[in-house]
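Beneath this line is the structure, given in structure tokens, with notes to follow.
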Amino acid sequence: MSERNLILAGLDGDRTWRLKDYMARGGYAALKKIIAESTPPADIIAEVKASVLRGRGGAGFPTGLKWSFMPRSFPGAKYLACNSDEGEPGTFKDRDILRYNPHSVIEGMAIAAYAMGCERGYNYIHGEVFEIYERFEEALAEAREAGFIGQKILGSDFSFELFAHHGYGAYICGEETALLESIEGKKGQPRFKPPFPASYGLYGKPTTINNTETFASVPFIMRDGGETFLNYGKPNNGGTKLFSISGHVNRPGNYEIELGTPFSELLEMAGGMRGGRKLKGVIPGGSSSPVVPADIMMDCTMDYDSISKAGSMLGSGAVIVMDETTCMVRALERLSYFYFEESCGQCTPCREGTGWLYRVVHRIEHGQGRPDDLDLLNSVTGNIMGRTICALGDAASMPVQSFIKHFGDEFAYHIEHKTCLVPEDVQREGSKIYVGPSC
């Protein structure tokens, strides 16, 4: 099987999150070398570009390219932010990185700060995992005492202060500009773009924001080389990736594999289908990504390009597996309710549209569907997508469109027969879908 642990390497001890254990695995060697050799920042960015590391938070934007947007000649303060606001159903990888390997994130952020000339950074941690916030604070204290963050790091002229910021569980704060608003003490609502954070971010200053897993990948890249990291993946998809597997599998959890690994291998790592049942559909990148039916998904490899060709997104790497006992109307009803509840209400299409989507799917599920409801759902989603300040409207719309596209017969059956195509006793036998701690 194609399994390589770069981010979660060596995490088989009792207290792997401690500084001494991280250093025993080669931790902070990259940062020490960069400072000792006074490595030019441009060389660091070039190495990250060579690795083809793409953002692990969902968008998959090239990390090195994003770092190059930071104006190094800017005379004032510049900021760095880590997006650990992991609030999407099915996603639970970043909290494990912070739980078991927090120093990889600290070192990655310190290297990024050196490369972009930032003197202050924040790690925004999801509000419903307070123990993770405490674990990261402990790691920060260790790193500060050892001289890896703070003033004049390792006796050099490079200074970088890093702080943990605790959110309060709002899904919308996972959007990068809403995250910045929250750090500033404001209501967490997305900003209009442009201007983009690279020019006008935290406190109106240039800011770079990356995901937890993205920063955790940087120490390996700088220690072993960007080309080495790239070779663990495939062209345009460098390195390994953490996938959070949940749903109807025997061993749900986080699995780190090379990008480009066949989905069938990943499913096998997770113990295969629970109860030996047939695969029905997969949400491959978190609940906001379009669902993919079994026959298409089994031909996919786990990388950005392959999943995109299948009509979905790799996203955060949250793989929700659904077997033949799943009522797809009921599953969509639950997802639609989540996005309705989590809309910040700033944009009319999202504020009104997400509620509309939920109410229509809800009535279909509960035997009150109307003949024109599927056309209505497609019309509403079409009027939401691309018409909102942030991507939450799109995130609510894409699952609706894909569920109707691939499993329209179930929706039509609900509307015509006022009941589910999958018998209730079969659904009970399969039990509820477990989609991870975020749900």
Side-chain angles (χ1 to χ4, degrees), residues 7 55-61 63 66 79-99 101-102 104-106 108-109 112 120-137 139-140 162-191 193 197 201-203 207-217 242 244 254 285-289 313 315-318 338-339 341-346 350 389-396 435-439:
I7 299 168
R56 301 304 199 225
F61 192 82
T63 303
K66 177 181 274 193
Y79 294 98
L80 195 63
C82 177
N83 189 345
S84 296
D85 189 60
E86 190 174 45
E88 185 158 292
T91 309
F92 46 91
K93 65 181 179 66
D94 292 340
R95 67 197 64 182
D96 268 3
I97 296 173
L98 297 178
R99 179 183 286 118
N101 203 16
S104 66
V105 179
I106 296 172
M109 292 189 73
R120 181 163 296 215
Y122 295 89
N123 185 8
Y124 190 97
I125 300 173
H126 190 64
E128 295 167 347
V129 289
F130 190 72
E131 73 280 4
I132 304 300
Y133 172 83
E134 294 179 314
R135 173 66 57 80
F136 190 74
E137 284 278 44
L140 277 178
L162 178 57
F163 304 94
H165 188 99
H166 189 249
Y168 288 90
Y171 172 71
I172 194 63
C173 287
E175 196 279 334
E176 61 179 15
T177 60
L179 181 152
L180 297 179
E181 290 284 290
S182 181
I183 292 176
E184 291 179 4
K186 303 172 187 174
K187 184 177 181 179
Q189 288 188 321
R191 301 173 180 174
K193 293 184 287 188
L202 190 62
Y203 305 115
T207 305
T208 295
I209 307 156
N210 284 122
N211 171 256
T212 316
E213 186 182 354
T214 307
F215 282 123
S217 303
L242 280 175
S244 303
N254 287 316
S287 63
S288 61
S289 61
M313 304 181 299
S316 62
F338 173 82
Y339 290 104
E341 281 289 296
E342 293 294 339
S343 173
C344 76
Q346 187 176 188
C350 185
I389 295 173
C390 82
L392 190 143
D394 289 5
V435 293
S438 297
C439 186

**Message:** Is there a side chain to side chain contact (heavy atoms under 4.5 Å, CB included) between L162 and F136? Walk through the geometry before answering.
**Reply:** CA-CA 11 Å; L162 178 57; F136 190 74; 4.2 Å; yes
**Prompt:** Going by heavy atoms in the side chains, are S217 and I7 under 4.5 Å from each other?
**Reply:** yes
**Prompt:** Shortest non-hydrogen contact from L80 to M109?
**Reply:** CD2-O, 3.2 Å
**Item:** Check: I172 and C390 side chains under 4.5 Å, non-hydrogen atoms
**Value:** yes
**Fill in**
Partner of E88 under side-chain hydrogen bond (donor to acceptor under 3.5 Å, both in side chains), picked from S288, S244, S316, is S288
**Request:** Flag the pair I97 / F215 as yes when at least one side-chain heavy-atom distance between them is below 4.5 Å, and no otherwise.
**Result:** no
**Asked** Quick one: does L98's side chain get under 4.5 Å of N123's, heavy atoms only?
**Response** yes
**Asked** Measuring from K66:NZ to T208:OG1, what's the distance to the nearest 0.5 Å?
**Response** 7.5 Å
**Request:** Nearest 0.5 Å please: distance from the OG1 atom of T214 over to the CZ atom of R56.
**Result:** 6.5 Å
**Item:** Q189 to C344 - nearest heavy-atom pair and separation
**Value:** NE2-O, 3.6 Å
**Item:** Polar side chain donor-acceptor pair, T177 to E175, under 3.5 angstrom
**Value:** yes
**Message:** Here's a test for you: under salt bridge (charged side-chain N to carboxylate O under 4.0 Å, His left out), which of E86, E131, E128 qualifies with R95?
**Reply:** E86
**Complete:** Between C82 and the options N210, N211, V105, I106, the side chain to side chain contact (heavy atoms under 4.5 Å, CB included) test singles out V105
**Asked** Is S287 close to Y339 at the side-chain level, that is, under 4.5 Å between some pair of heavy atoms?
**Response** yes
Which pairs of donor and acceptor atoms, one on a side chain in residues 179-186, lie under 3.5 Å apart (sequence neighbours left out)?
residue, atom, partner, partner atom, Å
E181, OE2, R191, NE, 2.7
E181, OE2, R191, NH2, 3.0
S182, OG, Y124, OH, 2.8
E184, OE1, K186, NZ, 2.9
E184, OE2, R191, NH2, 3.0
E184, OE2, Y203, N, 2.5

**Prompt:** Can you list the residues that meet the salt bridge (charged side-chain N to carboxylate O under 4.0 Å, His left out) rule with K93, with sequence neighbours excluded?
**Reply:** E213
**Request:** Work out which heavy atom in C173 is nearest to a heavy atom in D85; give both atom names and the distance.
**Result:** C-OD2, 3.3 Å
**Item:** salt bridge (charged side-chain N to carboxylate O under 4.0 Å, His left out) against K187, all qualifying residues, sequence neighbours excluded
**Value:** none
**Euclidean distance, T212 OG1 relative to D96 CG, rounded to 0.5 Å** = 11.5 Å
**is_close_aromatic(F130, Y133), centroid dist under 6.0 Å** = yes
